[in-house]
**Q** 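Before I ask anything, let me first share the structure, which is written out below as structure tokens.
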Amino acid sequence: IADLRAKRVRSRYFAGKLVANTVEPQHLVTLVLTEQMHSDRDFVRDTPVLRRAMINRTLTILGANGPRAFDFSKSRVGAAGIAQLMPDTYRRLRAAYPSARLPPDQDARLNHLRAMEAMALHADDEWWAVANDQNYRDWLRVHPEARRLVLAAGYNASAGTVVNAVRSCGAAWRGASCTALPDETRLYLVKYEATWDFIYPTGPPMETFESPMVAAR
């Protein structure tokens with residue numbers, strides 16, 4: 001975040017604002033830990049004690065290996081590094097935010113600083129999905145818990161998929177009955193919420209709100 005602020009990287013969707021001022025560092029930390037816990041179904045099935053053990057294991061790997069942590073963490077579809085960025089996603093963000101000066105080499109995804117910068121840019125870029133819905137956009141800006149869930153789901157699926165699920169299913173967009181949201185993303189949000197509550201126990205609990213988009217259905 002500090003590097004993006006120093007580079008004066010501007011938000012694409014919030015006029016006059018820097019990306020560094022549109023992204024919550026705590027959200028990025030939670031996303032990193034969520035990405036590095038790959039046993040989605042095991043996590044959902046397990047008890048709170050075992051979930052905490054999984055989170056602690058991920059934190060231990062990060063602390064013990066420092067800048068080399070997760071160098072070899074690569075998904076079957078090519079996502080790599082601490083932020084599990086896809087090659088096409090990295091290229092797209094590099095082109096969309098030239099002032100961030102992300103290196104052209106795909107191995108830059110393995111550098112923690114570059115990966116976290118790209119993750120922050122991604123959080124800003126996700127707002128494209130609600131760029132033409134001012135009411136929902138404004139509502140998300142003042143409801144941080146709901147905003148984090150939408151951004152987290154968008155990181156796993158895509159912002160367009162998530163917004164379509166909200167429009168299609170309303171308040172039940174995360175439920176099993178909402179076929180517009182992939183099952184993988186539904187499980188991903190369970191990991192994200194549990195990780196947030198573990199890392200930031202004194203913060204507000206994750207909560208789903210009735211939004212203007214839902215009310216308009």
**Q** Verify, without hydrogens or angle tests, whether N164 (side chain) and A180 (backbone) share a donor-acceptor contact under 3.5 angstrom.
**A**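 No, the answer is negative, given that no donor and acceptor are paired below the 3.5 Å cut-off.
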**Q** Would you say the side chains of N156 and Y192 form a donor-acceptor pair under 3.5 Å?
**A**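 Short answer, no.
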**Q** Counting C-beta onward and ignoring hydrogens, is there a side-chain heavy-atom pair between R109 and P87 closer than 4.5 Å?
**A**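 R109 reaches P87 side chain to side chain.
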**Q** Evaluate the side chain to side chain donor-acceptor pair (under 3.5 Å) criterion for residues E35 and Y188: first the C-alpha distance (whole Å), next the side-chain angles of each, then the deciding distance (0.1 Å), finally the verdict.
**A** CA-CA 9 Å; E35 283 292 326; Y188 187 89; 2.7 Å; yes
**Q** Just wondering, do V163 and V130 contact through their side chains at under 4.5 Å, heavy atoms?
**A**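 The answer is yes, as the side chains (C-beta and beyond) meet within the 4.5 Å cut-off.
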**Q** Going by the rule side chain to side chain donor-acceptor pair (under 3.5 Å), which residues pair with R92 if we only count those two or more places apart in sequence or in a different chain?
**A**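 Checked R92 against side chain to side chain donor-acceptor pair (under 3.5 Å); matches are D125.
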**Q** Just grab all the salt bridge (charged side-chain N to carboxylate O under 4.0 Å, His left out) pairs involving residues 19-30, residues at least two apart or on different chains.
**A**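 Qualifying pairs: E24-R147, E24-R148.
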**Q** Hey, could you give me the NZ/CG distance between K191 and L31, rounded to the nearest 0.5 Å?
**A**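 Reported to 0.5 Å precision, the distance equals 10.5 Å.
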**Q** Hey, are the side chains of R101 and R94 touching, using non-hydrogen atoms and a 4.5 Å cut-off?
**A**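 Heavy-atom side-chain distance check fails, nothing below 4.5 Å.
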**Q** What's the spacing between L33 CG and T195 OG1 if we round to 0.5 Å?
**A**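 OG1 of T195 is found 6.0 Å from CG of L33.
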**Q** Can you list the residues that meet the side chain to side chain donor-acceptor pair (under 3.5 Å) rule with R186, with sequence neighbours excluded?
**A**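 Checked R186 against side chain to side chain donor-acceptor pair (under 3.5 Å); matches are D183.
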**Q** Take N21 and R5, measure what side chain to side chain contact (heavy atoms under 4.5 Å, CB included) needs, and give me the verdict at the end.
**A** CA-CA 8 Å; N21 296 329; R5 181 173 285 109; 2.9 Å; yes
**Q** Please enumerate all residues that pass side chain to side chain donor-acceptor pair (under 3.5 Å) together with T89, with sequence neighbours excluded.
**A**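 Applying side chain to side chain donor-acceptor pair (under 3.5 Å) to T89 gives none.
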**Q** Do L102 and L121 touch side chain to side chain, with heavy atoms closer than 4.5 Å?
**A**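 L102 vs L121: side chains touch.
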**Q** Between CE of M116 and CG of L85, what distance do you get to the nearest 0.5 Å?
**A**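 If I round to the nearest 0.5 Å, the distance is 10.0 Å.
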**Q** Could you work out, with salt bridge (Lys or Arg N to Asp or Glu O under 4.0 Å) as the rule, every residue matching K7, not counting sequence neighbours?
**A**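 For K7 the salt bridge (Lys or Arg N to Asp or Glu O under 4.0 Å) partners, ignoring immediate neighbours, are E117.
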**Q** Among residues at least two apart in sequence or on other chains, which ones pass ring-ring contact (aromatic ring centres under 6.0 Å, His included) with F14?
**A**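 For F14, the residues satisfying ring-ring contact (aromatic ring centres under 6.0 Å, His included) (neighbours in sequence not counted) are W127.
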**Q** So, using salt bridge (Lys or Arg N to Asp or Glu O under 4.0 Å) as the criterion, who are the partners of D107 when residues are at least two apart?
**A**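 D107 satisfies salt bridge (Lys or Arg N to Asp or Glu O under 4.0 Å) with no other residue.
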**Q** Can you list the residues that meet the ring-ring contact (aromatic ring centres under 6.0 Å, His included) rule with Y155, with sequence neighbours excluded?
**A**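 ring-ring contact (aromatic ring centres under 6.0 Å, His included) check on Y155 returns H122.
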**Q** Is a side-chain donor-acceptor pair under 3.5 Å present for R137 with N132?
**A**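 Distance-only check fails for N132 and R137.
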**Q** I'd like to check the salt bridge (Lys or Arg N to Asp or Glu O under 4.0 Å) partners of R91; sequence neighbours left out, ordered by chain and number.
**A**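 Salt bridge (Lys or Arg N to Asp or Glu O under 4.0 Å) check on R91 returns D88.
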**Q** So, the side chain of T185 versus the backbone of L181: is there a donor-acceptor pair under 3.5 Å, distance only?
**A**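 Such a contact is absent between T185 side chain and L181 backbone.
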**Q** With sequence neighbours excluded, tell me which residues meet side chain to side chain donor-acceptor pair (under 3.5 Å) with T161.
**A**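 T161: side chain to side chain donor-acceptor pair (under 3.5 Å) contacts with S158.
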**Q** Students often mix this up, so state it plainly: with edges at 30° and 60°, are the rings of W196 and Y200 parallel, tilted or perpendicular?
**A**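 Geometry flag for Y200 against W196: tilted rings.
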**Q** List for me each residue that meets side-chain contact (heavy atoms from CB on, under 4.5 Å) alongside P25, sequence neighbours excluded, and say none if there are none.
**A**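 P25 satisfies side-chain contact (heavy atoms from CB on, under 4.5 Å) with I1 only.
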**Q** Are any of the side-chain nitrogens in R114 or D105 under 4.0 Å away from the carboxylate oxygens of its partner?
**A**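 Looking at R114 and D105, the cut-off is not met.
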**Q** Considering only residues two or more places apart or on different chains, which pairs with a residue in residues 52-65 satisfy salt bridge (charged side-chain N to carboxylate O under 4.0 Å, His left out)?
**A**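 Counting only pairs at least two positions apart or across chains, no salt bridge (charged side-chain N to carboxylate O under 4.0 Å, His left out) contact touches residues 52-65.
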